[in-house]
Each structure stands twice: as C-alpha cells, then as structure tokens.
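Residue numbers count from 1 along this sequence.
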Amino acid sequence: MAQTNVNIRMDENLKHQFDCLCNELGLNMSTAINIFAKTMVRQQKIPFEVSLDIPSSKILTTLNNGKS
C-alpha cells in the first residue's frame with residue numbers, strides 16, 4: 001500500500017502529552033492517528049462525542065428565552 005505524509009499543526013504542550021500517552025500505550029503518534037482515521041472511515045463519523053464543556057453565552061441566552 002502506498003504511503004503519504006500528512007502534516008498537522010498542534011500546540012507544543014498537547015503534542016508532548018499526546019506523545020507521552022501514545023508511548024505509555026505502546027504506540028507512536030503516527031499509529032494513533034492512523035487508528036483514528038481508520039475508525040472514522042469505518043464508522044463514517046467522528047468516533048466520540050464532540051461537545052462544548054461549558055455552554056456558550058449564545059446557547060444560554062437561547063435556552064433562557066425559551067423559558068416562561
């Protein structure tokens with residue numbers, strides 16, 4: 001299978017944390033990213049929930065306007 005390079009930008013601290021975690025799991029970062037990509041393609045979705053930690057002010061305003 002032909003291989004290609006993919007370059008991404010990532011916060012330096014996040015890269016370090018990600019690299020450490022991958023190493024603890026016995027992976028390198030390239031393998032971890034490939035697992036993520038293969039899972040996305042197989043499931044046809046992001047394989048985890050994506051959400052805001054804290055509702056934005058716009059969402060809170062919308063929710064509060066709906067209350068009677």
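The closest donor-acceptor contact from the side chain of Gln44 to the backbone of Val41 lies under 3.5 Å.
The side-chain hydrogen bond (donor to acceptor under 3.5 Å, both in side chains) test applied to Asn34 returns no partner, not counting sequence neighbours. The side-chain hydrogen bond (donor to acceptor under 3.5 Å, both in side chains) check on Ser30 picks up nothing, with sequence neighbours excluded.
Taking OG1 from Thr39 and NZ from Lys45, the interatomic distance works out to 11.0 Å, rounded to the nearest 0.5 Å.
Side-chain contact check for Asn64 and Thr61: no donor-acceptor pair (N or O, by modelled atom type) lies under 3.5 Å.
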Show your reasoning for whether side chain to side chain contact (heavy atoms under 4.5 Å, CB included) applies to Asn65 and Thr62.
-> CA-CA 5 Å; Asn65 287 341; Thr62 302; 5.9 Å; no
Extract all donor-acceptor atom pairs below 3.5 Å that involve side chains of residues 1-24 and protein atoms in other chains or at least two apart in sequence.
| from | atom 1 | to | atom 2 | distance (Å) |
| --- | --- | --- | --- | --- |
| Asp11 | OD2 | Asn13 | N | 3.0 |
| Asp11 | OD2 | Leu14 | N | 3.1 |
| Asn23 | ND2 | Asp19 | O | 3.2 |

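Leu25 and Met29 fall into different hydrophobic clusters, defined by Ile, Leu, Val, Met, Phe, Trp and Tyr side-chain heavy atoms under 4.5 Å apart, directly or through other members.
Nearest heavy atoms, Asn28 versus Thr31: OD1-N, 2.7 Å.
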